[in-house]
Amino acid sequence: MADPATPSSPAKVTGVRVLIVDDDRVSRLLCRRFLELAGYQVEEATDGLAGLQRVREWAPRLIVLDALMPGMDGDEFARRLRADSAISHTRILMVSGRTEPAFIVHARVAGIDDYLTKPIQRGDLLARVQALLA
Amino acid sequence: MQNDFSAAPLASELAGDPDLADLIELFVSEMPQRLEALEEAAAAADLASLATLAHQLKGSAGGYGYPGITAAAARLEACARHRSSREDLVRATQDLRELCRRAEAALKVPGG
């Protein structure tokens, strides 16, 4: 099917819920802007515990999850989410500046669905999110 | 070194994107506080905090169109994690500070 949108801006979605869990405010702001411009409904949490709580209350379809946060890190977040049958179906896209293969393997074992290296670029982020929600 | 040529204002690679103009301005306007925190951590030889702060800046700057700041923050993070000499840490922090100052200068161009 022909898509009228440009390759860097996939077709607009409306109202699909995405939660951003990241302790870094400027990273959240940029990610939120990219997602909202594409039509997603976005909320934010600043740490893992608050993030898990928000997933239970708001039921997002996908989480953009930072890997390194004080307190609960991204791997622990993913393990706890997968262990809770009420929310375990939620898709997780991890974002991090870490690039070591072993780090990414650990995150995948913990339960993430996909991994994107920071700094995030608009086209990359939207393509990954769209693919995970397909 | 080639620092004589590196004093020019540093514009974001995304400066022409109207969807991001306000966010880029906010990101740059908050840089002084970030730098202050980095320099405090460096002065206190708090390498764990320094690595964390540098890691955050590495992760965000490129997304705002400043890959040079991401690269400089990555060098500082590596210095902190590998417990490099104090001299190396100071140099890496100064490089980062200079890039941030140039980014601020680019937003203050007269007539803008």
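Any value given below was found using the heavy atoms of this structure, including those in side chains, with hydrogens, waters and symmetry copies removed. Letters A, B, ... mirror the listed sequences (proteins, then strands); counts begin at 1.
Under the 3.5 Å distance criterion, the side-chain polar atoms of Arg33(A) are left unmatched by any main-chain donor or acceptor of Leu20(B).
Looking at Leu26(B), the atoms closer than 4.5 Å to chain A (heavy atoms on both sides) all sit in the side chain, from C-beta outward. Residue contact with chain B, scored on non-hydrogen atoms closer than 4.5 Å, involves the backbone and the side chain of Leu29(A) alike. For Arg25(A), the part sitting under 4.5 Å from any heavy atom of chain B is the side chain, from C-beta outward, and nothing else. Contacts of Glu30(B) with chain A are made by side-chain atoms alone, with heavy-atom separations under 4.5 Å and no backbone atom involved. The contact between Leu68(A) and chain B is made entirely by side chain atoms (from C-beta outward), counting heavy-atom distances below 4.5 Å.
By the rule that hydrophobic residues join a cluster once side-chain heavy atoms approach within less than 4.5 Å of another member, Tyr115(A) and Val95(A) end up as members of separate clusters. If you chain together hydrophobic residues whose side chains sit under 4.5 Å apart, Leu50(B) and Leu96(B) fall into the same group. The cluster map of Ile, Leu, Val, Met, Phe, Trp and Tyr, joined by side-chain heavy atoms under 4.5 Å apart, puts Leu52(A) and Leu62(A) in different clusters. Put simply, Leu132(A) and Met94(A) are part of two different groups of oily side chains (I, L, V, M, F, W, Y) that touch within less than 4.5 Å, one to the next. The cluster map of Ile, Leu, Val, Met, Phe, Trp and Tyr, joined by side-chain heavy atoms under 4.5 Å apart, puts Ile92(A) and Leu49(A) in the same cluster.
Nearest heavy-atom pair, Pro119(A) versus Lys58(B), reported as atom, atom and distance to 0.1 Å: CG-O, 3.7 Å.
Taking Asp19(B), Leu14(B), Thr70(B) one by one and counting their heavy-atom pairs under 4.5 Å with chain A, the maximum is reached by Asp19(B).
Annotation: the span from His55(B) atom NE2 to Asp24(A) atom CG amounts to 9.0 Å, rounded to 0.5 Å. Here the OG atom belonging to Ser27(A) is positioned 7.0 Å from the OH atom belonging to Tyr64(B), to the nearest 0.5 angstrom.
Annotation: side chain to side chain donor-acceptor pair (under 3.5 Å) contacts involving residues 67-76 of chain A, sequence neighbours excluded, comprise Glu76(A)-Arg79(A), Glu76(A)-Arg80(A). Pairs engaging residues 38-52 of chain B under the side chain to side chain donor-acceptor pair (under 3.5 Å) rule: Glu39(B)-Arg97(B), Asp46(B)-Ser49(B) [sequence neighbours left out].
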